[in-house]
Amino acid sequence: MPHISLEEHLPGITGLLEYRLDTAYPIRDLTQILLRGESTLTQAERELIATVVSAGNECKFCTAAHTAAADILLGECNTTQMVLRDLENAPVSDKMKVLLEIARNVQISGKRVSPSIIEKAKSLGTTDLEIHDTVLIAALFCLYNKYVDGLASITPNDPAYYQTLGNKIVNQGYLRSPHLIKKP
Amino acid sequence: MAHINVPEGVPGIRSLVRFRSETGKPLYELAQALLRSPSTLSEADRELIASFVSSKNDCMFCMSSHAAAARYLYKDDKGIVDFVLEDYLNAPISAKLKALLSIAVRVQQDARTVSPDDISQAKNEGATEQEIHDTVLIAASFCMFNRYVDGLASLTPTEPEAYEAMAERMVIGYYLPK
């Protein structure tokens with residue numbers, strides 16, 4: 001049961017973002033810019049960063065939701081599973097492996113991002129903006145994971161829920177849906 | 001030196017939002033909503049929660065700047081800020097604020113450990129659900145801000161005067177620096 005009263009039909013982050021709107025809007029805007037805005041990283045790559053961080057924080061809701069989004073964007077499920085289980089051998093670029101490693105460090109502590117890993121990223125052609133966005137996506141998902149689990153919001157068990165949510169965030173993005181704006 | 005090419009001599013998050021103002025805008029809006037908008041928690045108490053979480057994350061820039069803002073807002077009671085950062089359970093603050101800080105530190109360490117007992121304790125001391133929500137979100141948000149600031153190795157001033165000057169700006173509000 002959630003620690004505070006949330007709308008029952010809105011599990012995970014979705015009910016929290018309706019609980020307080022003036023904080024939800026900037027969180028949604030930031031996510032939309034980082035995960036759906038123009039970038040030299042693909043949307044799937046950015047969803048993988050979100051997934052890796054959520055898995056590191058052991059946040060089941062966010063891990064399942066962003067795994068679903070990444071899988072839909074990639075058109076297959078193998079890459080995400082490999083990234084989570086065995087990054088070194090995952091079918092992603094060397095640059096992406098380093099960015100995911102940076103994200104994993106940020107998840108533990110910002111202080112763990114060393115000059116040497118940044119140098120390694122840059123030697124593989126990573127831009128400052130890509131490094132910036134990777135660190136900020138990783139930091140943002142620490143916010144999400146802690147928000148979701150800190151208030152014990154509901155984590156559905158049905159995989160179909162995450163498939164639907166994954167489709168929604170792939171096709172509609174992270175801004176507040178019009179059907180939420182006009183309340184039932 | 002910062003990990004990316006941010007404006008030189010500009011400290012902490014201010015250098016990062018000048019590197020990318022598009023993401024800076026919602027970051028400052030979030031800080032403004034959490035720390036400055038009307039709330040039953042005082043601005044001083046909210047700054048204290050921010051500084052406390054930042055100190056647990058060992059983020060010197062956020063800890064020092066939000067401690068300075070809290071000292072400014074507590075005025076004559078500013079001594080409680082350092083007391084809380086040192087040993088919050090024995091600090092001269094309300095039992096409600098202690099219970100909220102206990103929730104905040106759990107969120108900082110591993111949010112899954114916030115227990116129904118922690119929540120009951122806070123409610124018994126008079127905390128509302130809104131205050132519990134806001135405490136969790138302030139703690140979670142500072143876990144983001146701290147990682148952003150340190151993950152990119154932004155400039156961290158070491159002189160206390162630098163933070164006192166920042167605090168004077170922060171109490172006015174969180175507006176994107178030009």
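Every heavy atom of this structure was used, including side-chain atoms; hydrogens, water molecules and symmetry mates were not.
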Can you say whether the rings of A/Tyr19 and B/His133 are parallel (under 30°), tilted (30 to 60°) or perpendicular (over 60°)? tilted

Using a cut-off of under 4.5 Å for heavy-atom pairs, which of A/Leu16, A/Asp29, A/Thr23 has the most such pairs with chain B? A/Thr23

Does a salt bridge link B/Glu8 with B/Arg18, judged by any charged N lying under 4.0 Å from a carboxylate O? no

A/Gln107 (side chain) donor-acceptor with A/Gly56 (main chain) under 3.5 angstrom: yes

Structural part of A/Asp133 lying under 4.5 Å from a heavy atom of chain B: side chain

Please flag which part of A/Leu34 lies under 4.5 Å from any non-hydrogen atom of chain B: side chain, backbone, both or neither. side chain

Any luck finding a side-chain donor-acceptor pair between B/Arg169 and B/Ser65 under 3.5 Å? no

Any donor and acceptor pair, going by atom type alone, linking the side chain of B/Ser21 with main-chain N or O of B/Val17 inside 3.5 Å? no

Taking A/Lys122 first and then A/Asp128, would you say they form a salt bridge - that is, a charged N and a carboxylate O separated by under 4.0 Å? yes

Shorter than 4.5 Å, heavy atoms on both sides: which option in A/Leu136, A/Val106, A/Ile131 has the most such pairs with chain B? A/Leu136

Between A/His66 and A/Tyr174, how do the two ring planes meet: parallel, tilted or perpendicular, split at 30° and 60°? parallel

Part of B/Leu27 within contact of chain A (heavy atom distance under 4.5 Å): side chain

Residue among B/Glu29, B/Arg106, B/Lys123, B/Arg112 with most heavy-atom pairs under 4.5 Å to chain A: B/Arg112

Measure distances from A/Glu119 to the heavy atoms of chain B and classify the residue's part below 4.5 Å as side chain, backbone, both or neither. neither

Relative to chain A, which segment of B/Gln108 carries a heavy atom at a distance below 4.5 Å: side chain, backbone, both, or neither? backbone

Considering only NZ, NE, NH1 and NH2 on the basic side and carboxylate oxygens on the acidic side, decide whether B/Arg71 and B/Glu164 come within less than 4.0 Å. no

Top of A/Leu143, A/Ile118, A/Val113 for chain B proximity - count of heavy-atom pairs under 4.5 angstrom: A/Leu143

Given a strict heavy-atom distance threshold of 4.5 Å, which part of B/Asp118 is in contact with chain A: side chain, backbone, both, or neither? neither

Tell me, for A/Leu140 versus chain B, whether the close heavy atoms (under 4.5 Å) come from the side chain, the backbone, both or neither. both

Using a strict 4.0 Å threshold on nitrogen-to-oxygen distance, state whether B/Asp58 and B/Lys56 make a salt bridge. no

Which atoms of A/Thr127 come close to chain B, meaning under 4.5 Å heavy atom to heavy atom: side chain ones, backbone ones, both, or neither? neither

For a quick check under 3.5 Å, do A/Thr31 and A/Tyr144 share a side-chain donor-acceptor pair by atom type? yes

Most heavy-atom pairs under 4.5 Å with chain A, out of B/Pro26, B/Ser120, B/Gly24, belong to B/Pro26

For B/Phe83, does its backbone N or O pair with a side-chain atom of B/Asp87 as donor and acceptor, under 3.5 Å? no

Per-residue contact mode, B/Phe19 against chain A (heavy atom under 4.5 angstrom): side chain

Heavy-atom cut-off 4.5 Å, strictly under: side chain, backbone, both or neither for A/Ile108 against chain B? backbone

Heavy-atom distances under 4.5 Å only: say whether B/Val136 touches chain A with side chain, backbone, both or neither. side chain

Under a 4.5 Å heavy-atom cutoff, which of A/Leu129, A/Ile102, A/Asn145, A/Asn57 has the most pairs with chain B? A/Leu129

Check each atom of B/Leu30 against the heavy atoms of chain A and say whether the ones under 4.5 Å are side chain, backbone, both or neither. both

Counting heavy-atom pairs closer than 4.5 Å to chain B, which one of A/His132, A/Arg112, A/Glu58, A/Met1 comes out on top? A/His132

Go through the atoms of B/Ser115 and report whether side chain, backbone, both or neither lie under 4.5 Å from a heavy atom of chain A. backbone

Can any side-chain N or O of A/Thr79 pair as donor or acceptor with the backbone N or O of A/Pro91 at less than 3.5 Å? no

